[in-house]
Every structure is written in structure tokens, then in C-alpha cells.
Amino acid sequence: MSLAAHGFLSPSGVEIAFLLVGLVTFGAALVTVTTKQLVHAALWLVVTLGGLAVEYLLLTAEFIAWVQVLIYLGSVVVLLLFGLMLTKAPIGRSPDADSGNRPVALAVAVVAAVSLVWVVADAFRTTWIDLDGPAQGSTEVTGHFLFRNWVLPFEALSVLLLAALVGAIVLSRKRGATAKNGTAKNSATAKNGTAASNSRSGKEQR
């Protein structure tokens, strides 16, 4: 499609929807990284990843959109929620969620975003996608390319997620054992103190 047929001053309905969904996704991402409530961060992450799936659908990349839903929304977010439950993360506000390095994190995020936008804009400067035409990202072509050239990253990600789940279970068991040991020590100390006070009172009565 030629450049003359398209213009920024005459966007189509799909392009307007793409922009609106992008703004909602961007806002949800900001809330995800700025909130101090871990559970709320995980739920806003669901909104962010769902918004990305809608963006892929609007770009006629149906296969990538459903992969986004199945893998990220259906697996990663569920794993994060299970990790929060297993590690007994606080439900309310958590001061530990704020490390105090927000200026550094903001600078790194801005540099990464500008670099990514510049690379993508430079690579696809004169490329236009016909959003009103047939779907270009078919399941057969995309799946063939994705799972032939990117199998190793997929497998590495699955191992990483499994390691995170095992680590959460180990941490929860260690905390549970520490709490039980502390309770046992406190009860033993209380029993010893009671026995000592009983023996003292018996001696005083004699």
C-alpha cells in the first residue's frame, strides 16, 4: 500500500482502536510497576498482557495473540499468583516492594523504551500493514517460523519458570519450619518458666 493512501491525519477505525488500547495498556503497565501492593501488581499485569493480545489481534497477528493469551495470561500470571501465595506475600501495602531506586529504574526504562522505539521505527519506516485486508500472520507460517528458529528460548523460559516455582516452594517451607521452631522454643521456654515458678513456690511453702 502506498504512503499516499495512508496518513496520520486520516486514521482508520482500526488505527484509532489500536491507539486507545495502547494507551490503556501503557497505563496498566505504569500501575503494575508503581503500585506497592503485590497482588494488585499481578492483576494489573493481567490487564497489560491482555491489552498486548488485543494489539496483536488488531495487527492481524492472530497466532501471536492467542500465544500471548495462553502462555502469558494462562501460565505466567498464574505462576506469579501461585508464587505470591506460596511465599505468603502480604495482601495490603508492602514497603518491601519499593527499593528506593525509582530514579535509576525510571532512567533505565526511558533509555530502553527510546532505544526500542528508534530501532523498530528505523527498521519498519516505510512498511505499512493493511489492517483491513486478509490476515497476514497466519498460524501455519508464524508457527513454523517461531518454533523452528526460537525453540531454545521457549525451552529456556519453561526451565526458568519451573525453577521459580520450586524456589517459591522451598522458601515457603523454610519460613514454615522457622515459624514452627520459634513456636516450639517459646512453648518450651514457657513450660520451663512455669515449672521453675512452681518449684519456687513449693519451696517457699515448705
Please list, chain by chain and in numerical order, all residues satisfying side-chain contact (heavy atoms from CB on, under 4.5 Å) with Thr48, sequence neighbours excluded.
-> Thr25, Ala28, Ala29, Thr32
To which residues is Val110 joined in a hydrophobic cluster, defined by side-chain heavy-atom contacts under 4.5 Å among Ile, Leu, Val, Met, Phe, Trp and Tyr, whether direct or through other members?
-> Leu106, Val114
Flag yes if Val14 and Val54 sit in one hydrophobic cluster, no otherwise; membership is Ile, Leu, Val, Met, Phe, Trp, Tyr, and two members link when side-chain heavy atoms are under 4.5 Å apart.
-> yes
Excluding Leu152, membership of its hydrophobic cluster (Ile, Leu, Val, Met, Phe, Trp, Tyr; side-chain heavy atoms within less than 4.5 Å) reads none
When rounded to the nearest 0.5 Å, the distance separating CZ of Phe18 from CG of Leu57 is 11.5 Å
Look at the side-chain heavy atoms of Ile, Leu, Val, Met, Phe, Trp and Tyr, link any pair under 4.5 Å apart, and say whether Tyr72 and Leu45 land in one connected group.
-> yes
Sort and list the pairs that fulfil salt bridge (Lys or Arg N to Asp or Glu O under 4.0 Å) and have at least one residue in residues 42-55, not counting sequence neighbours.
-> none
Locate the shortest heavy-atom distance separating Ala53 from Ala65; write the atom from each residue and the value.
-> O-CB, 3.5 Å
So if you build clusters from Ile, Leu, Val, Met, Phe, Trp, Tyr with side-chain heavy-atom gaps below 4.5 Å, do Trp44 and Val69 land together?
-> no
Residue pairs meeting side chain to side chain donor-acceptor pair (under 3.5 Å), one or both in residues 106-122, sequence neighbours left out, come to Asp122-Arg125
In the hydrophobic cluster built from side-chain contacts under 4.5 Å, what are the other members alongside Phe26?
-> Leu30
Quick one: do Val39 and Val47 end up in the same hydrophobic cluster if we chain Ile, Leu, Val, Met, Phe, Trp and Tyr together by side-chain heavy atoms under 4.5 Å apart?
-> no
Are side-chain heavy atoms of Leu49 and Leu52 found at a separation under 4.5 Å?
-> yes
